[in-house]
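So the structure is just underneath, and the comments pick up after that.
Keep in mind that this is a model prediction, so the values were computed, not measured.
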Amino acid sequence: AVLPEAGVSIILGILTSFIISLFVSATPATTNGETDTVANAAANQVLSFSSTTFFVALLPPIIFHSGYRLKMELFLQDFTPIVSFACAGTAISTLFIAFFLQTLVAAGLCDFAPTFTELLTFASLISA
């Protein structure tokens, strides 16, 4: 295969959106502007994409499919590096965010003064 399935899906989505936007901009407006308003409302309805739709309807099947197609032997073969990078990356990210927020607090750019422990707690939630 020249292009992966995800790449073809992205290209088809871009082309479809482009064609819809051309159609809407080519819609003639009437004297009272009613046709233009209806066409723009329809285009906004078709071209809009809510985050709720993505997180509730589209993301779970993508994650399930990825987990279902995972080759268990390859995953277990690389389990130690995966866990090492995950733990080290989370720890580094947590410390970076906490020290960055502490710098903002010390510079007086915040209206409140959290303790460093609270900043670490917040940073760990954001990092994980």
Main-chain N/O of E5 paired to S9 side chain as donor or acceptor, under 3.5 Å: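 Yes, S9 side chain to E5 backbone: donor-acceptor pair under 3.5 Å.
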Backbone N or O of T121 within a donor-acceptor pair of the S124 side chain at under 3.5 Å?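 Here the side-chain-to-backbone pair exists.
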Hydrophobic cluster membership, [X] vs [Y], 4.5 Å side-chain cutoff:
X   : Y   : value
L70 : M72 : yes
I10 : L3  : no
F75 : V83 : yes
I19 : I14 : no

Inter-residue atom distance [X].[atom1] - [Y].[atom2], 0.5 Å rounding:
X    : Y    : atom1 : atom2 : result
I11  : T16  : CD1   : OG1   : 11.5 Å
L58  : S51  : CG    : OG    : 11.5 Å
I82  : L76  : CD1   : CG    : 9.0 Å
E118 : Q102 : CD    : CD    : 10.5 Å
F99  : L119 : CZ    : CG    : 10.5 Å

Minimum heavy-atom separation for A123 and T94, please, with both atom names.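 Smallest interatomic distance, heavy atoms only, reads CB-O, 3.3 Å.
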Of the non-hydrogen atoms in A98 and F116, which two are nearest, and what is the gap between them?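 Closest approach of A98 to F116: O-CE1, 3.9 Å.
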Partner of L109 by side-chain contact (heavy atoms from CB on, under 4.5 Å), out of T103, L104, L101: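 The option that passes is L104.
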More than 12 heavy atoms from other groups under 6.0 Å of CZ on F85: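 Result for CZ/F85: open.
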Check the orientation of F100 and F96. Use parallel for under 30°, tilted for 30 to 60°, and perpendicular for over 60°.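 Ring orientation of F100 relative to F96: parallel.
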Side-chain donor-acceptor pair present, T53, S50, cut-off under 3.5 Å: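 There is such a pair (donor and acceptor under 3.5 Å, judged by atom type) between the side chains of T53 and S50.
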Any side-chain heavy atom of [X] sitting closer than 4.5 Å to one from [Y]?
X    : Y    : result
P114 : F112 : yes
L95  : L120 : yes
Q77  : E73  : no

